[in-house]
Amino acid sequence: MLINIVCIESSRPDWSKQAFESYQSKFNKSINIKWKGCKPVQRNKSYDIDKAIKKESELLLAKTKKEDLIICLDKAGKSLDTLKLKQNFDSWISSSKDISFLVGGPDGLSPECIRRSHLVWSLSGLTFPHSLIPVLLIEQIYRVWSITQNHPYHR
């Protein structure tokens with residue numbers, strides 16, 4: 001199974017890469033997780049927010065396949081605890097489809113992106129730096145995967 005974390009990002013700090021790669025190395029060969037970055041739309045004082053959101057969402061969707069399970073991260077999304085996330089994860093695994101998590105830019109995701117998603121998920125009511133989101137995502141994926149493997153990490 002392939003899991004893509006597709007983000008709008010201007011740069012990726014070394015600490016973020018290292019943390020992501022640390023979790024990435026913990027999975028067995030049944031799961032492959034990739035971080036794919038897309039450059040944000042240039043913003044200036046007079047940029048059009050709707051056009052920027054639309055363009056960035058198109059960039060994100062272009063890095064997915066039509067048959068992927070798409071999970072959009074959005075502050076207005078559904079809040080999941082670990083056990084509910086594990087139930088979703090079990091369902092995603094049994095679908096035998098690749099999964100693409102989409103993380104929009106500072107202005108969010110387009111309605112088209114949200115419409116195409118199988119789940120709109122809110123990690124938290126808090127605001128996080130973009131370079132932290134892929135690390136949070138892979139950690140949560142590792143956590144629920146470790147439960148399915150009867151690994152003690154979750155405790």
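Everything numeric here is computed off the predicted structure, so don't read it as measured data. Start at 1 with the first residue, then count along the sequence.
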Considering only distance and modelled atom types, tabulate donor-acceptor pairs under 3.5 Å from the side chains of residues 63-76, sequence neighbours left out.
from: Thr64; atom 1: OG1; to: Leu61; atom 2: O; distance (Å): 2.7
from: Lys65; atom 1: NZ; to: Asp98; atom 2: OD2; distance (Å): 2.5
from: Asp68; atom 1: OD2; to: Lys65; atom 2: N; distance (Å): 3.1
from: Asp68; atom 1: OD2; to: Ser100; atom 2: OG; distance (Å): 2.9
from: Asp74; atom 1: OD2; to: Ala76; atom 2: N; distance (Å): 2.9

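Leu119 has its side chain within reach of Asn88: a pair of non-hydrogen atoms, C-beta onward, lies under 4.5 Å apart. Cys113 is listed as a side-chain neighbour of Leu102, based on a closest heavy-atom distance under 4.5 Å. Contact check for Leu85 versus Asp81: no side-chain heavy atoms found under the 4.5 Å cut-off. Put simply, the side chain of Ile141 reaches to within 4.5 Å of the side chain of Ile3, judged on heavy atoms. The side-chain heavy atoms of Thr148 and Asp90, taken from C-beta on, include a pair separated by under 4.5 Å. Residues Trp15 and Leu132 are in side-chain contact: their nearest non-hydrogen atoms beyond the backbone lie under 4.5 Å apart.
Of all heavy-atom pairs spanning Ala52 and Val41, the tightest one is O-CG2, 3.9 Å. The two residues Cys38 and Val6 have their closest heavy-atom pair at SG-CG1, 4.1 Å. Across every non-hydrogen atom of Val103 and Leu109, the tightest pair is C-CD2, 4.4 Å. Of all the heavy atoms in Ser11 and Pro13, the pair that sits closest is O-CD, 3.8 Å.
Remark: Ile138 CD1 to Ile33 CD1 distance equals 4.0 Å, nearest 0.5 Å. Of the inter-residue distances, the one linking Leu123 atom CG with Ser79 atom OG reads 9.0 Å to the nearest 0.5 angstrom. A distance of 8.5 Å separates NZ of Lys86 from CG of Leu83, quoted to the nearest 0.5 Å. Atoms CD1 and OH, on Ile147 and Tyr142 in that order, are 11.0 Å from each other to the nearest 0.5 Å. One finds the CZ atom of Phe20 at 4.0 Å from the CD1 atom of Ile5 (value rounded to the nearest 0.5 Å). Ser25 OG to Asn28 CG: the interatomic distance, rounded to the nearest 0.5 Å, is 12.0 Å.
A single hydrophobic cluster is seen to contain both Tyr23 and Phe128, as judged by linkage of ILVMFWY side chains at heavy-atom distances under 4.5 Å, directly or through other members. The hydrophobic cluster containing Phe101 does not contain Leu2, counting ILVMFWY residues as joined when their side-chain heavy atoms lie under 4.5 angstrom apart, directly or transitively. Cluster annotation: Leu137 and Tyr153 are assigned to the same hydrophobic cluster (Ile/Leu/Val/Met/Phe/Trp/Tyr, side-chain heavy-atom contacts under 4.5 Å, transitive). The cluster map of Ile, Leu, Val, Met, Phe, Trp and Tyr, joined by side-chain heavy atoms under 4.5 Å apart, puts Ile133 and Ile8 in different clusters.
Sequence neighbours left out, the pairs with a member in residues 48-60 that pass salt bridge (Lys or Arg N to Asp or Glu O under 4.0 Å) are Arg43-Glu56, Lys54-Glu58. Sorted by first and then second residue, the salt bridge (Lys or Arg N to Asp or Glu O under 4.0 Å) pairs with a member in residues 126-139 read Glu139-Arg143; sequence neighbours excluded. For residues 25-40, no residue pair satisfies the salt bridge (Lys or Arg N to Asp or Glu O under 4.0 Å) rule, not counting sequence neighbours. Applying the side chain to side chain donor-acceptor pair (under 3.5 Å) test to pairs two or more places apart or on separate chains, those with a residue in residues 115-126 are Glu112-Arg115. For residues 119-137, the set of pairs meeting the salt bridge (Lys or Arg N to Asp or Glu O under 4.0 Å) definition, not counting sequence neighbours, is empty.
At distances below 3.5 Å, not a single donor-acceptor pair connects side-chain atoms of His130 with backbone N or O atoms of Ser10. A distance-only check finds no donor-acceptor pair linking the side chain of Glu9 to the backbone of Ser131 [under 3.5 Å]. With Ser16 contributing its side chain and Arg12 its backbone, the two residues share no donor-acceptor pair below 3.5 Å.
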Under the side chain to side chain contact (heavy atoms under 4.5 Å, CB included) criterion, do Leu80 and Gln87 qualify, and how do the steps go? CA-CA 10 Å; Leu80 303 173; Gln87 291 171 351; over 6 Å; no
One pair to check against side chain to side chain contact (heavy atoms under 4.5 Å, CB included): Lys97 and Met1. What are the steps and the verdict? CA-CA 7 Å; Lys97 293 182 178 185; Met1 163 177 281; over 6 Å; no
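Taking the ring centroids of Phe89 and Trp145, they lie at or beyond the 6.0 Å cut-off.
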